[in-house]
Amino acid sequence: MKRRNFFQASLGAAGAALASTSVQARPNLEPAPQAVGMLFDSTLCVGCKACVSKCKEVNGMPPVPMGSEVHADFALDLSPKTLNVIKIYKDGAAAQKDREQNGFAFEKRSCMHCVDPGCVSVCPVSSLTRDPLTGIVSYDADVCIGCRTCMTGCPYNVPQYDYDNAFGKIHKCQMCNQKGVERISKGGMTGCAEACPTGATLFGSRETLLAEAKRRIALKPGQVYNYPRGDVRKPASFHEKVVPQYQSHVWGEKEAGGTNVMHLSAVPYDKMGMPPLGERSHASISEGVQSTVYSFMALPAIALGGLSWIVKRNTENASKEGEDKS
Ligand code: SF4
Ligand code: SF4
Ligand code: SF4
């Protein structure tokens, strides 16, 4: 077989394979049928950190001390000792709450329990899983191999690896429903929502929380609204407050496929430290590319098959010509 024929045959076979293959991105996952979550309304948060203390109590985690002061929690960010933290946005003189300019606002950081979680998608051993019914994203330390890939798959920088421990594992909020805690499966609510005195952290079904969030956005700024506390489906109490000028969308309704923990704010979300995200989940994109890459791995085999057939045909033709001449 001539070299030119060899290249023609190779390209022909590869082209045929390419034509039959295209980048197939799977769609975002839909919210779980009985998805539960939380709504954090920054305009209701007074920065008391009762949610941080309760989270540590529920999860058996120590406070983060400052110097010799060990009776309060000084956690400034998520860590292997802190699954839920309250951060502060400040601008200029920080004179007025929930104002972008010369104002301040409180922001909660914890696992967002993504509808289509990147951490679950990238974990090679399924140590992180999404509950098919409630959508809660859980972590199994017994399965985890400590590769930390989940840290790269999370758009919110949530999974925290315990570098101080020789057998360090990942730490993240499991919506108070892990083995030994099981508040949600027993009909309860998350510790942070239970402890929150203002209803800034509200528990409930994702559907009801989303409807509540949209209701608040549609209210007229300046009117008085009765804000629920605890579980939005059976509030422990209500309290009246003047409605602020909310940002016009609910963070987590659609971002990166949506989240079960959603946020409301008067200050723009990017100023509150939220990452720039489109509506496609990272998991749907990366799994689409992955499946395409794997299908492209078939190319060499297909090209080799084409070549073998052409070589066989040419060899047969050559033998036939030889026989005819003799
Ligand atoms: S916020 Fe991060 S850790 Fe939590 S479910 Fe989403 S991807 Fe996973
Ligand atoms: S749901 Fe539980 S673990 Fe998660 S932040 Fe709230 S109290 Fe902490
Ligand atoms: S308990 Fe409620 S009001 Fe207090 S810091 Fe946490 S979210 Fe804010």
Side-chain angles (χ1 to χ4, degrees), residues 29 32 35-61 73 75 78 81-88 97 105-123 127-131 134-139 148-161 170-178 180-184 188-204 227 229-230 239 241 251-252 255-264 274-275 277 281-283 286:
L29 294 184
V36 291
M38 290 186 279
L39 174 64
F40 173 73
D41 185 334
S42 168
T43 70
L44 295 176
C45 181
V46 293
C48 66
K49 298 189 183 176
C51 55
V52 179
S53 303
K54 186 68 182 181
C55 179
K56 296 210 166 185
E57 181 195 316
V58 170
N59 290 281
M61 292 178 142
D73 198 306
L78 298 179
K81 291 181 186 153
T82 304
L83 308 181
N84 169 44
V85 74
I86 297 295
K87 304 185 91 166
I88 306 178
K97 189 171 180 296
F106 296 107
E107 178 66 326
K108 188 182 196 288
R109 283 280 174 278
S110 62
C111 176
M112 302 292 281
H113 292 272
C114 301
V115 169
D116 195 351
C119 59
V120 171
S121 168
V122 299
C123 179
S127 167
L128 284 147
T129 49
R130 176 187 107 137
D131 186 275
T134 63
I136 294 175
V137 178
S138 302
Y139 169 70
R148 291 164 295 198
T149 316
C150 55
M151 294 169 77
T152 65
C154 172
Y156 298 98
N157 280 329
V158 165
Q160 300 291 313
Y161 186 74
I170 289 292
H171 298 269
K172 74 160 210 84
C173 155
Q174 300 186 68
M175 227 191 270
C176 291
N177 206 46
Q178 66 273 31
V181 175
E182 292 130 354
R183 291 172 73 99
I184 312 307
M189 70 176 98
T190 55
C192 51
E194 186 184 279
C196 181
T198 65
T201 298
L202 190 63
F203 178 75
Y227 286 90
R229 243 201 82 235
H239 75 103
K241 188 185 159 291
W251 181 278
E255 278 78 10
T259 51
N260 292 319
V261 174
M262 295 167 284
H263 286 211
L264 277 180
M274 287 304 201
L277 297 172
S281 74
H282 294 184
S286 62

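When a ligand or atom number is given, it counts from 1 through the structure's own listing order.
Set against the non-hydrogen atoms of Lys49, the atoms of ligand 3 under 4.0 Å away are 4 (Fe), 5 (S). The atoms of ligand 1 that sit less than 4.0 Å from any heavy atom of Gly118 are 7 (S). Numbered from 1 in the order shown, with element, the atoms of ligand 1 that lie under 4.0 Å from a heavy atom of Cys154 read 1 (S), 2 (Fe), 3 (S), 7 (S). Heavy-atom proximity to Val137, at under 4.0 Å, picks out these atoms of ligand 1: 5 (S). Every atom of ligand 1 with a heavy atom of Tyr156 under 4.0 Å away is listed here by number and element: 1 (S). Atom numbering of ligand 2 starts at 1 in the shown order; those under 4.0 Å from a heavy atom of Thr190 are 1 (S). The atoms of ligand 1 that sit less than 4.0 Å from any heavy atom of Pro159 are 3 (S). Every atom of ligand 3 with a heavy atom of Pro197 under 4.0 Å away is listed here by number and element: 1 (S). In the vicinity of Lys172, heavy-atom distances shorter than 4.0 Å reach the ligand 1 atoms 3 (S). Those atoms of ligand 3 that come under 4.0 Å of a heavy atom in Ile86, given as number and element, are 5 (S), 6 (Fe). Close approach of ligand 2 to Cys176 (heavy-atom distance below 4.0 Å) involves ligand atoms 1 (S), 2 (Fe), 3 (S), 7 (S). Contact atoms of ligand 1 toward Cys114: 1 (S), 5 (S), 6 (Fe), 7 (S) (distance under 4.0 Å to a heavy atom of the residue).
Contacts between Met38 and ligand 2, counted as non-hydrogen atom pairs separated by less than 4.0 Å, involve the side chain only. Only side-chain heavy atoms of Phe40 come within less than 4.0 Å of ligand 3; its backbone N, CA, C and O stay farther off.
Nearest heavy-atom pair across Cys192 and Thr201 is SG-CG2, 3.9 Å. Between Phe203 and Gly188, the closest heavy-atom pair is CE2-O, 3.7 Å. Lys54 and Gly191 get closest at one heavy-atom pair: CG-O, 3.2 Å. Nearest heavy-atom pair, His239 versus Thr198, reported as atom, atom and distance to 0.1 Å: NE2-O, 2.7 Å. Among all heavy-atom pairs drawn from His282 and Pro155, the shortest one is CE1-CB, 3.9 Å.
Results of the side-chain contact (heavy atoms from CB on, under 4.5 Å) test with His171 over Leu83, Thr82, Leu78 single out Leu83 as the only residue that passes.
Note on Cys55: not counted as a metal contact of atom 2 (Fe) of ligand 2, no N/O/S atom lying under 2.8 Å. In summary, Cys119 places no N/O/S atom under 2.8 Å from atom 4 (Fe) of ligand 1, failing the contact criterion.
Looking at Val36 and Met175, their side chains come closer than 4.5 Å, going by heavy atoms from C-beta outward. With a 4.5 Å cut-off on side-chain heavy atoms, Thr43 and Lys241 count as touching. In this structure, Thr259 and Tyr156 have side chains that are in contact, with non-hydrogen atoms separated by less than 4.5 Å. Between Leu264 and Leu39, the closest side-chain pair of non-hydrogen atoms falls below 4.5 Å. Within the 4.5 Å cutoff, the side chain of Leu128 has no heavy atoms near those of the Pro117 side chain. Here the side chains of Trp251 and Met274 are in contact, with some heavy-atom distance below 4.5 Å. Counting heavy atoms from C-beta on, the side chains of Asp41 and Tyr227 come closer than 4.5 Å. In this structure, Asn84 and Cys51 have side chains that are in contact, with non-hydrogen atoms separated by less than 4.5 Å.
In this structure, Met175 is part of the shell of residues with a heavy atom less than 4.0 angstrom from ligand 2. Residue contact annotation: Val58 has no non-hydrogen atom under 4.0 Å from ligand 2. Contact analysis leaves Lys56 out of contact with ligand 2, as no non-hydrogen atom separation drops below 4.0 angstrom. For the pair Ala195 and ligand 3, no heavy-atom separation below 4.0 Å is found. Judged by the shortest distance from any of its heavy atoms, Lys108 lies outside the 4.0 Å radius around the atoms of ligand 3.
A 6.0 Å sphere centred on NZ of Lys81 holds no more than 12 heavy atoms belonging to other residues, nucleotides or ligands.
No donor-acceptor contact under 3.5 angstrom links the side chains of His113 and Gln174, judged on distance only. A side-chain donor-acceptor contact under 3.5 Å links Gln178 and Asn59.
Of the protein's non-hydrogen atoms, the one nearest atom 5 (S) of ligand 2 is Asn84 CB, 3.4 Å. Scanning the protein heavy atoms around atom 6 (Fe) of ligand 2, the nearest turns out to be Cys192 SG, 2.4 Å. The closest protein non-hydrogen atom to atom 1 (S) of ligand 1 is Met112 N, 3.4 Å. For atom 3 (S) of ligand 2, the nearest protein heavy atom (residue, atom name, distance) is Asn59 ND2, 3.3 Å. Of the protein's non-hydrogen atoms, Cys196 SG, 2.3 Å is the one closest to atom 2 (Fe) of ligand 3. Here the heavy atom of the protein found nearest to atom 8 (Fe) of ligand 3 is Cys45 SG, 2.3 Å. Of the protein's non-hydrogen atoms, the one nearest atom 4 (Fe) of ligand 3 is Cys48 SG, 2.3 Å.
Nearest-residue assignment for atom 7 (S) of ligand 3 (options Thr198, Val85, Thr201, Asp41; heavy-atom criterion): Thr201.
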